2 protein chains.
Amino acid sequence: LLLQRLRLTLEYDGTAYHGFQRQAGRMTIQGALEAALARVTRQPIQVVVAGRTDAGVHALGQVVHLDWEPGLDLPELLRAVNAVLPRDIVIRRGEGVSEAFHARYSAVSRAYRYRILNTAVRSPMARRFAAHEVRPLEVAAMQAGGDLLVGCHDFASFGGKMWSGGTTRRTMFQLQVRREREQVTLDFRANAYLSRMVRAITGTLMSVGRGETSVEEVKSILEAGDRSRAKWLAPPEGLCLMEVEYPDSQLFVRSKG
Amino acid sequence: LLLQRLRLTLEYDGTAYHGFQRQAGRMTIQGALEAALARVTRQPIQVVVAGRTDAGVHALGQVVHLDWEPGLDLPELLRAVNAVLPRDIVIRRGEGVSEAFHARYSAVSRAYRYRILNTAVRSPMARRFAAHEVRPLEVAAMQAGGDLLVGCHDFASFGGKMWSGGTTRRTMFQLQVRREREQVTLDFRANAYLSRMVRAITGTLMSVGRGETSVEEVKSILEAGDRSRAKWLAPPEGLCLMEVEYPDSQLFVRSKG
């Protein structure tokens, strides 16, 4: 039995789903994806994901890997799976990779984007992919708060461990806040995240942007290492997993044939 | 009984609605808006719209007028109505206007935008607000076809009369086709439109962009004045009513008090 490892890059509108991870009796991204893969390949397929996204969170560049017994050729497989996937999930790319590739363990960084529409009136056309904040956000203050979080820190105040015994230290490579007219965007890149960490940090920085929390308080919250200190949680619809980065991905690509 | 005329500017995500116009037993924008207005004002309210949009078509700048017996002050009314409207409809602005203002008859032009995502793979995050075209679109050819439609023409090949006895002549002030990376956008501005005219023109120009229909054929379709000649209809999700223009709108604004 010759199995081939595939790496798939996914885009999804997470609005209708209870997050990525398979759960009995609930619509999840993993459930829908595995069902479509099984239907096309007629093999039981389990995928391994780079980073689980929460209920309502979107992705433009989620990555999974899976092992299958090749039947169809790869472009044909991808077309067939995309044809049976629901309209809010798609495989953007797929490639054969070596067995050394692991969607989660090989990843060196994950980039998330959080979008906020900062207007007096809510927007029906933006509502699925951006949070809405009525009060004016001071972007320079948000950036100053964000700057304190760049680097290697114990982020225990901003999220839960992914499994017991794990560490709460993570390395934030980038945290950029910018405004383009009425849209405020936060771009994160870290080696990995604690559960709900991006939304907790965003909620905290929004509080800074509204002038309710000072930049100094962000520092004290970070240093406290106490999950009860960061009490804000930005809503899921503003969050999107943009990209998962792997070290020299050529290393993993399996040569043809 | 002193009635005041209001002009409202609306944004909506039309995905869930059977178009603007009220229909018994069906979800429509007009039905939802009038229900919310009636609930807040406790008056039976009927709105008059600048341009009816089809099922699934969106708006960023739809305009309606209505007459009401003032109770609340205007900002309070708008906040209250927006609070009871469904999340996919909102009043962006409202102002008191003179009785000379009529949302439909006073309008001098309507601007529509049609968005096409021109990629090999469909996009879950773009799907609600853009059509998807797999084959590469040649934008210069589409623009050349569109140029033939600018000016005052009988558009009978591209749409139905809005009422029997009406004319099928319309004046197209602008028809611009452009590409930004993978997105192709068509911007229309005309004095008015026949029913489904923007989608029929877009469908025809997409056929030109795919190289299936020549620019000369667009001319011959226009000149035929025969609705059966333009057989393409671009899907509704790509279409958005951007703006309705009124002559010197200050003319209509009612002074305070």
Side-chain angles (χ1 to χ4, degrees), chain A residues 8-17 20 29 32-33 36 53 56-62 74-75 77-95 113 115 117 119-132 134 182 235 237-242, chain B residues 8-17 20 29 32-33 36 53 56-62 74-94 113 115 117 119-132 134 182 235 237-242:
Chain A
L8 306 179
T9 305
L10 308 177
E11 174 180 338
Y12 47 83
D13 169 354
T15 309
Y17 295 88
F20 187 90
I29 307 291
L33 177 64
T53 48
V57 173
H58 318 292
L60 278 170
Q62 176 70 284
L74 187 52
L77 171 73
L78 298 179
R79 265 194 304 275
V81 175
N82 279 339
V84 301
L85 275 171
R87 291 193 65 209
D88 43 13
I89 306 177
V90 83
I91 303 173
R92 294 182 65 168
R93 278 193 310 282
E95 55 232 310
R113 175 166 291 173
R115 290 186 191 85
L117 189 74
T119 51
V121 178
R122 61 187 171 78
S123 165
M125 290 190 69
R127 77 186 194 287
R128 287 170 85 93
F129 303 112
H132 179 230
V134 171
E182 296 175 318
E237 65 268 23
L239 188 57
C240 184
L241 173 55
M242 301 300 283
Chain B
L8 307 180
T9 305
L10 308 177
E11 174 178 339
Y12 49 83
D13 169 355
T15 309
Y17 294 89
F20 188 89
I29 307 291
L33 177 63
T53 48
V57 173
H58 318 291
L60 278 170
Q62 175 69 284
L74 187 53
E76 203 177 332
L77 171 74
L78 299 178
R79 265 194 303 274
V81 175
N82 278 339
V84 301
L85 275 171
R87 289 192 66 208
D88 43 15
I89 307 178
V90 83
I91 303 173
R92 293 182 68 168
R93 278 193 311 282
R113 176 166 291 174
R115 290 186 190 86
L117 190 74
T119 51
V121 178
R122 63 186 169 78
S123 164
M125 289 191 70
R127 80 188 192 286
R128 288 171 83 94
F129 303 111
H132 179 230
V134 171
E182 296 174 318
E237 64 268 21
L239 187 56
C240 185
L241 172 55
M242 301 299 284

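Chain identifiers are assigned alphabetically (A, B, ...) following the order of the sequence lines, protein sequences preceding nucleic acid strands; residue numbering begins at 1 within each chain. From a predicted model like this one, the values you see are computed outputs, not experimental measurements.
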- Task: Would you mind checking which part of A:Y12 comes under 4.5 Å of any heavy atom in chain B, side chain (CB onward), backbone (N, CA, C, O), both or neither?
- Result: backbone

- Task: Sort A:A120 into side chain, backbone, both or neither according to what part of it lies under 4.5 angstrom from a heavy atom of chain B.
- Result: neither

- Partners meeting salt bridge (charged side-chain N to carboxylate O under 4.0 Å, His left out) with A:R113 (sequence neighbours left out): A:D187

- With A:R122 via salt bridge (charged side-chain N to carboxylate O under 4.0 Å, His left out) - residues at least two apart: none

- Query: Residues in side-chain contact (heavy atoms from CB on, under 4.5 Å) with B:S123, at least two apart?
  - Reply: A:E11, B:L117, B:M125, B:A126

- Message: I'd like to verify something: which residue of B:R92, B:R128, B:R93 has the highest number of heavy-atom pairs under 4.5 Å with chain A?
- Response: B:R128

- Heavy atoms under 4.5 Å from chain A: which residues of residues 78-86 of chain B carry them? B:N82, B:L85, B:P86

- Task: Considering non-hydrogen atoms only, spot the tightest contact between A:P124 and B:V90 and give its length.
- Result: CD-CG1, 3.4 Å

